[in-house]
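Accompanying notes for the structure given below.
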Amino acid sequence: MSEALPLEPNRAERSVLAGKLVTRTFYSRPVLEVARQCIGKVLVRSNPQGVVAGRIVEAEAYRGPEDRAAHSFGGRRTRRTEAMFGRAGVAYVFFVYGMHWHLNLVAGNVGEPHAVLIRGVEPLVGVELMAARRKMDAKRDALTNGPGKLCVAFAITGDDYGADLCRRGPLYLLEGPAPRRIARSPRIGVDYAGSWAARPWRFFDPTSRYVSKPRPAQRLA
DNA sequence: TGAATGATTTACT
DNA sequence: GTAAATCATTCAA
């Protein structure tokens with residue numbers, strides 16, 4: 001991308017990156033708790049272009065096999081969903097609408113196909129690199145306020161499928177200050193799931209600018 | 001083998 | 001506000 005990058009992390013950025021790794025036991029719990037408590041944790045991406053990191057401000061729980069909104073509904077186990085059936089603390093990455101990647105954290109015990117979709121992140125480290133990838137100004141909320149947008153900013157693709165988030169590799173999660181408040185609502189974009197769509201399994205920090213904006217169709221509901 | 005669709009984003013009227 | 005972009009995955013046949 002840009003030849004001027006990467007920049008060395010500054011003092012504040014180094015402080016963020018010095019945080020403790022989130023351990024696998026955190027993920028090996030009920031998916032609703034994982035979704036709620038991952039708000040405030042810090043997602044880190046490290047690759048040859050540089051390091052970017054951001055605070056998770058919005059996430060949704062998907063609890064297969066009973067949850068009709070989950071890709072693992074009905075116990076569907078395929079090449080795509082396989083990661084959700086394995087150990088917790090790895091990345092479940094998938095491609096939708098012919099153009100967007102989405103990142104999930106695998107949760108629960110082995111054999112329980114649960115996952116947490118990351119929908120919004122507040123930039124903390126490498127904002128200029130994110131802006132270059134997004135081809136927009138670094139100050140805009142739209143940089144990382146949606147599941148597909150943040151995957152572009154973090155350069156997350158199918159290559160990250162199954163990545164272990166519990167060690168300092170290309171993609172991992174660090175502890176961060178807990179938010180003052182956590183709000184919840186129904187999940188976005190899962191109207192096909194009948195009554196499951198009404199369950200308040202979306203969690204977010206209501207004070208953050210980087211929570212995703214509802215689409216027109218959502219606004220009417 | 002083919003048709004339908006989606007855990008969305010962007011551009012445009 | 002609406003529509004286009006664009007393709008892996010899924011399911012039916």
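Below, read A as the first sequence line, B as the second, and so on, with proteins coming before strands; counting in each chain starts at 1.
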### For atom CE of Met99(A) and atom C1' of dA8(C), their distance in whole Å
12 Å

### Message
Treating Glu128(A) as the side-chain partner and Ala138(A) as the backbone partner, does any N or O pair qualify as donor plus acceptor under 3.5 Å?
### Response
no

### Message
dA7(B), OP1 or OP2 - any side-chain N/O from Tyr192(A) closer than 4.0 Å?
### Response
yes

### Message
Rounded to whole Å, how long is the line connecting atom CG of Leu105(A) with atom P of dA7(B)?
### Response
17 Å

### Message
Donor-acceptor check, side chain of Arg87(A) to backbone of Ser28(A), threshold 3.5 angstrom: yes or no?
### Response
no

### Query
In whole angstrom, what separates Asn145(A)'s CG from dT8(B)'s C1'?
12 Å

### Message
Could you work out, with side chain to side chain contact (heavy atoms under 4.5 Å, CB included) as the rule, every residue matching Met136(A), not counting sequence neighbours?
### Response
Arg134(A), Arg140(A), Ala142(A), Leu143(A)

Please tabulate, one pair per line, all N/O donor-acceptor pairs under 3.5 Å involving side-chain atoms of residues 107-122 of chain A, not counting sequence neighbours.
{"unit_1": "Glu112(A)", "atom_1": "OE1", "unit_2": "Asn109(A)", "atom_2": "N", "d": "2.7"}
{"unit_1": "His114(A)", "atom_1": "NE2", "unit_2": "Gly64(A)", "atom_2": "O", "d": "3.0"}
{"unit_1": "Arg119(A)", "atom_1": "NE", "unit_2": "Glu58(A)", "atom_2": "OE2", "d": "3.0"}
{"unit_1": "Arg119(A)", "atom_1": "NH2", "unit_2": "Ser212(A)", "atom_2": "OG", "d": "3.3"}
{"unit_1": "Glu122(A)", "atom_1": "OE1", "unit_2": "Ser208(A)", "atom_2": "OG", "d": "3.1"}

### Query
Just how far, in rounded Å, is C1' of dG6(B) from CH2 of Trp101(A)?
14 Å

### Summary
Sequence neighbours excluded, the answer for side chain to side chain donor-acceptor pair (under 3.5 Å) partners of His102(A) is none

### Query
Any donor-acceptor pair under 3.5 Å linking the side chain of Thr81(A) with the backbone of Arg76(A)?
yes

### Task
Could you note down all residue pairs passing ring-ring contact (aromatic ring centres under 6.0 Å, His included) where residues 141-186 of chain A supplies at least one of them, sequence neighbours left out?
none

### Task
Please go through Val57(A)'s hydrophobic cluster and name the other residues, only I, L, V, M, F, W, Y counting, with side-chain heavy atoms under 4.5 Å joining them.
Phe204(A), Tyr210(A), Val211(A)

### Message
Test of understanding: with side chain to side chain donor-acceptor pair (under 3.5 Å), list the residues that count as partners of Arg77(A), not counting sequence neighbours.
### Response
Glu82(A)

### Message
Within the 4.0 Å heavy-atom criterion, would you say His100(A) contacts the bases, only the backbone, or no part of the nucleic acid?
### Response
base

### d(CZ, Phe95(A); C1', dT9(B)) in whole Å
12 Å

Protein-nucleotides 10-13 of chain C N/O pairs closer than 3.5 Å?
{"unit_1": "dT10(C)", "atom_1": "OP1", "unit_2": "Thr78(A)", "atom_2": "OG1", "d": "2.8"}
{"unit_1": "dT10(C)", "atom_1": "O3'", "unit_2": "Arg76(A)", "atom_2": "NH1", "d": "3.3"}
{"unit_1": "dC11(C)", "atom_1": "OP1", "unit_2": "Arg76(A)", "atom_2": "NH1", "d": "3.2"}

### Summary
Residues at least two apart in sequence or cross-chain that pass side chain to side chain contact (heavy atoms under 4.5 Å, CB included) with Pro179(A), listed by chain then number, are Ile39(A), Arg55(A), Ile182(A), Asp205(A)

### Query
Would you say dG6(B) has OP1 or OP2 under 4.0 Å from some side-chain N or O of Tyr97(A)?
no

Between the protein and nucleotides 11-13 of chain B, list the N/O to N/O atom pairs that are separated by less than 3.5 angstrom.
none

### Task
Round to the nearest Å and state the distance from Phe94(A) atom CZ to dG6(B) atom C1'.
9 Å

### Message
Please check: side-chain N/O of Asn104(A) versus main-chain N/O of Val106(A), any donor-acceptor pairing under 3.5 Å?
### Response
no

### Query
By a strict heavy-atom criterion of less than 4.0 Å, which residues belonging to residues 146-155 of chain A are in contact with DNA chain B?
Gly146(A), Pro147(A), Gly148(A), Lys149(A)

#### Entry: Separation of dT9(C) P from Glu82(A) CD (nearest whole Å)
13 Å

### Message
Treating Arg181(A) as the side-chain partner and Pro206(A) as the backbone partner, does any N or O pair qualify as donor plus acceptor under 3.5 Å?
### Response
no

### Query
Do other residues, nucleotides or ligands put more than 12 heavy atoms under 6.0 Å from the CZ atom of Arg24(A)?
yes

### Task
Sequence neighbours left out, what passes side chain to side chain contact (heavy atoms under 4.5 Å, CB included) with Ala53(A)? Give chain and number order.
Leu17(A), Val42(A), Val44(A), Val125(A)

### Message
I need the NE2-P distance between His102(A) and dA7(B), as an integer number of Å.
### Response
8 Å

### Query
In what stems does DNA chain C take part, counting only runs of at least 3 consecutive Watson-Crick or G-U pairs whose two distances fall under 3.5 Å?
B:1-6 with C:7-12, B:8-12 with C:1-5

### Query
Quick one: which of dT6(C), dA7(B), dT10(B) gets closest to the side chain of Arg134(A)?
dT10(B)

### Task
Output yes if the stacking criterion (under 5.5 Å between centres, under 30° between planes) is met for Tyr62(A) over the base of dA7(B), else no.
yes

